[in-house]
Protein chains: 2
Amino acid sequence: MAREDEAGLLVQVGGKRCAQCPLVPYERLSQPSPELRRWIAAFRQGEMRYDRGEVVFTQGSRPRQLYTVLSGILMRSRLLEDGRRQIINFMFPGDFIGLQSAVDSEMSHEVEAVTSATLCVFARERFFELVASQPQLSFDLTWLAAHEESALEEHIVSLGQRNARERLAALAVFLVQRAIDTRLAPDGVLAITITQGQIADMLGLSLVHTNRTLQALRRLQLVDWTLTSIGIPDMAAARQFAGIDGVASARPRPYI
Amino acid sequence: MAREDEAGLLVQVGGKRCAQCPLVPYERLSQPSPELRRWIAAFRQGEMRYDRGEVVFTQGSRPRQLYTVLSGILMRSRLLEDGRRQIINFMFPGDFIGLQSAVDSEMSHEVEAVTSATLCVFARERFFELVASQPQLSFDLTWLAAHEESALEEHIVSLGQRNARERLAALAVFLVQRAIDTRLAPDGVLAITITQGQIADMLGLSLVHTNRTLQALRRLQLVDWTLTSIGIPDMAAARQFAGIDGVASARPRPYI
DNA sequence: CGTCTTTTTGAACGTTCTCAAGGGATGTGG
DNA sequence: CCACATCCCTTGAGAACGTTCAAAAAGACG
């Protein structure tokens, strides 16, 4: 069921053209210049499609591709030798995948699709060329890296300082907010299939305790989280409960 | 006692010349080309020196400078409204400070000196210019961002999956290893003053439990951690105990 | 309809937290 | 040089939070 890690096999060159890139209509993304779009079109290898559960690349591998999420949601997680796993973060449309492989080191994590997803594929070898010729692109890459770092910080704060209820609420807020920002939840409800086992692996809790905590939050009417969707009846109340400062990024996400 | 956040006040332009940059002799850093060094010399504003406990910039600020660590160790931490704080990571010579301010957003954390430290100061406004003219530099920046991300991942794994003893051991290994890599602990002992309260804030543990866990590790002869230094009698045993896979980065750290 | 996955519940146990107090080291001013 | 303040470390004890083991119920899927 797992897809090949190696290049080429599933690349569908000449799928949708860049002219119909699904990211461009996102008004919250900064629009690339026509010239930048020509460059990107020339560099991209094609698109790949993954179904829920399929692995994009494994921990320890050195993929020859870099990816941008065109649609869908993915997650990256780190596996321990004894079988435990820690989910690091989720990835949404516009996110860049493979920062580490861009600089030629082993991936410290694996990436797998959470919903069906399409990725835009670039050749790793041409990364330097791309960055050298398009300084706007390296600036955007820095932007994405800085914001990813900020997201990981927030996760660290959750794991280090928040109790189980606060962690659950913070995760729900984070996911729904990102979904709203990327137009995946126009009505404030995110359709995504996440098992309680996955939540537990994200938040560093046991499955049993995750279940009980989730029930408690449901009883408090703070989150409406089922196997297939996440809803937050009162976003302000949920943020307050989780202890999240209302910091929204002013600048629109860049387009890569 | 806290230093001004504003530009200029404490900048010592014309301190040590770049020709004597303390980072260059590190054989584990990739050496910059003569041309790159000329560029860097032209862009840098000067050096700043901080003593233990002094704050480089605060959470929520928008510093007009970017920094590279020339010597010393710093930490960045995120403060919650109720006074709790979570230490995110430590920074060592060669690290870049201010990725977020490079792309013009608010800093999500504060940075403070843990030992006395000197930083190399650059103007934020000229960041784009620098990246555009020196593609090698944006590549190096990407390298640093990717490795910082990896370090944060490891921290997330600690907080999510490891118990108190394992966390303590993992942190000791991480700090000593980074110190060895940056030549701050030639004999394998790192001279750094870290209180148990700071350890607790890094690992998401209470001060009391941190203290008891530290004693347990001392009894097990796994770490030799006092207020002013960290030693690891048997590195392999400590790594094993903490559950750290022995992954060393092949490529030398870049020089920025 | 049967199988597999996911959720739910109970109960005992263990880790970690909180509260409270004392002790040691260092520094400062009288 | 002593008295006092401050900062950090240490110890005890009860309570809270979260884990583990075990089993059953509820959904999802072919």
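Hydrogens, waters and symmetry mates play no part in the numbers below; they use all other heavy atoms, side chains included. No experiment lies behind these values; they were computed from the predicted model shown. By convention in this document, chain letters (A, B, ...) are assigned in the order of the sequence lines, proteins followed by strands, and residues within each chain are numbered from 1.
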Tell me: [atom1] of [X] to [atom2] of [N], nearest whole Å?
{"X": "A/L205", "N": "D/dT20", "atom1": "CG", "atom2": "P", "value": "11 Å"}
{"X": "B/I194", "N": "D/dC7", "atom1": "CD1", "atom2": "P", "value": "19 Å"}
{"X": "A/R162", "N": "D/dG18", "atom1": "CZ", "atom2": "P", "value": "14 Å"}
{"X": "B/R212", "N": "C/dC17", "atom1": "CZ", "atom2": "C1'", "value": "10 Å"}
{"X": "A/Q161", "N": "C/dT16", "atom1": "CD", "atom2": "C1'", "value": "14 Å"}
{"X": "B/E166", "N": "D/dT19", "atom1": "CD", "atom2": "P", "value": "14 Å"}
{"X": "A/H209", "N": "D/dT19", "atom1": "NE2", "atom2": "P", "value": "6 Å"}
{"X": "A/I199", "N": "C/dT8", "atom1": "CD1", "atom2": "C1'", "value": "14 Å"}

Of all the nucleotides listed ([options]), which has the minimum atom distance to the side chain of [X]?
{"X": "A/S206", "options": "D/dT20, D/dA28, D/dG12", "value": "D/dT20"}
{"X": "B/V208", "options": "C/dA20, D/dG18, C/dT6", "value": "C/dA20"}
{"X": "B/A164", "options": "C/dT16, D/dC9, C/dT6", "value": "C/dT16"}
{"X": "B/N211", "options": "D/dC9, C/dT18, D/dG18", "value": "D/dC9"}
{"X": "B/T195", "options": "C/dT16, C/dT7, D/dC9", "value": "D/dC9"}

Applying a 4.0 Å non-hydrogen cut-off, can you work out what [X] is touching in the nucleic acid: base, sugar-phosphate, or nothing?
{"X": "B/R218", "result": "sugar-phosphate"}
{"X": "A/L214", "result": "nothing"}
{"X": "B/L207", "result": "nothing"}

Salt bridge or not for A/R49 and A/E54, using N-O below 4.0 Å?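 Salt bridge absent between A/R49 and A/E54.
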
So that I can tick it off, tell me whether B/D181 and B/R183 are bridged by a salt bridge, with the cut-off set at under 4.0 angstrom between side-chain N and carboxylate O.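 Looking at B/R183 and B/D181, the cut-off is not met.
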
Tell me whether the OP1 or OP2 atom of [N] has a side-chain N or O from [X] closer than 4.0 Å.
{"X": "A/Q215", "N": "C/dT9", "answer": "yes"}
{"X": "A/Q196", "N": "C/dT5", "answer": "no"}
{"X": "A/N163", "N": "D/dC17", "answer": "no"}

Between B/S108 and B/Q100, do the side chains contain a donor N or O and an acceptor N or O under 3.5 Å apart? yes

A/Q161-B/Q86 side chain donor-acceptor pair, cut-off 3.5 Å: yes

Which of A/T115, A/T118, A/T182 passes side chain to side chain donor-acceptor pair (under 3.5 Å) with A/S71? Answer is A/T118

